[in-house]
Amino acid sequence: LPSGLRSVPTQRMEPPRSKEYKKWLQTSLNKLMGCGLAVDGIIGPLTKACLVRFQEMWGLVERGTIGAETDYYIKSALGLPGYIEEPLTY
């Protein structure tokens with residue numbers, strides 16, 4: 001791992017798929033990436049595109065879907081427990 005980055009927890013836990021979680025995801029991507037997404041809880045093409053940009057910025061597999069790793073990095077970027085200092089740069 002690049003210096004300053006922690007490893008992602010190995011326990012595989014899928015985040016909730018509720019509409020509230022999806023709204024949280026959209027709000028988080030708006031805050032972190034400035035995507036201007038509608039916060040409606042519907043994961044459409046714009047939300048997926050913004051998610052891919054986030055995943056690319058942090059050196060994650062770019063699927064446009066949310067899994068435990070992406071959830072962890074979003075929470076880290078927001079300064080929640082497990083904070084990672086900065087995204088990978090190339």
Side-chain angles (χ1 to χ4, degrees):
L1 290 174
S3 67
L5 295 183
R6 298 184 208 161
S7 63
V8 175
T10 55
Q11 183 179 359
R12 186 86 175 137
M13 294 178 65
E14 290 297 321
R17 302 293 184 193
S18 70
K19 191 166 194 162
E20 288 308 308
Y21 179 83
K22 292 173 186 175
K23 287 180 179 181
W24 173 85
L25 173 66
Q26 291 166 325
T27 300
S28 299
L29 290 172
N30 284 339
K31 181 176 181 178
L32 296 169
M33 305 296 292
C35 294
L37 301 170
V39 180
D40 57 8
I42 298 169
I43 305 300
L46 295 178
T47 302
K48 288 181 182 182
C50 188
L51 187 55
V52 166
R53 280 185 29 225
F54 177 87
Q55 291 168 326
E56 180 181 71
M57 185 175 90
W58 285 86
L60 305 173
V61 176
E62 302 156 30
R63 293 189 182 117
T65 58
I66 186 93
E69 183 179 50
T70 299
D71 178 77
Y72 174 83
Y73 274 77
I74 290 171
K75 289 175 181 174
S76 295
L78 290 169
L80 300 174
Y83 177 69
I84 296 170
E85 294 178 13
E86 59 187 42
L88 298 175
T89 55
Y90 299 97

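Nothing fancy with the numbering, it's 1 onward along the sequence. Please read all numbers here as calculations on a predicted model, not as lab measurements.
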> Rounded to the nearest 0.5 Å, how far does CG of Leu37 lie from CG of Leu29?
Replying inline: 6.0 Å

> Any side-chain heavy-atom pair from Lys22 and Ile42 closer than 4.5 angstrom?
Replying inline: no

Compile the donor-acceptor pairs under 3.5 Å between side chains in residues 48-55 and protein atoms, sequence neighbours left out, one pair per line.
unit_1	atom_1	unit_2	atom_2	d
Arg53	NH2	Met33	O	3.3
Gln55	OE1	Arg63	N	3.2
Gln55	OE1	Gly64	N	3.0
Gln55	NE2	Thr65	O	2.9
Gln55	NE2	Thr70	OG1	3.0

> Any chain of hydrophobic side-chain contacts (each under 4.5 Å) joining Leu46 to Val39?
Replying inline: no

> If you measure from OG on Ser28 to CG on Asp71, what distance do you get to the nearest 0.5 Å?
Replying inline: 9.0 Å

> Yes or no on side-chain contact (heavy atoms from CB on, under 4.5 Å) for Lys75 and Trp24, after CA distance, side-chain angles and deciding distance?
Replying inline: CA-CA 11 Å; Lys75 289 175 181 174; Trp24 173 85; 3.8 Å; yes

>> Nearest 0.5 angstrom please: Thr47 OG1 to Ile66 CD1, how far?
In response: 11.0 Å

>> Do Leu78 and Tyr73 have side chains that approach each other closer than 4.5 Å (heavy atoms only, starting at C-beta)?
In response: no

> When you measure from the side chain of Glu20 to the backbone N and O of Gly41, does any donor-acceptor pair fall under 3.5 Å?
Replying inline: no

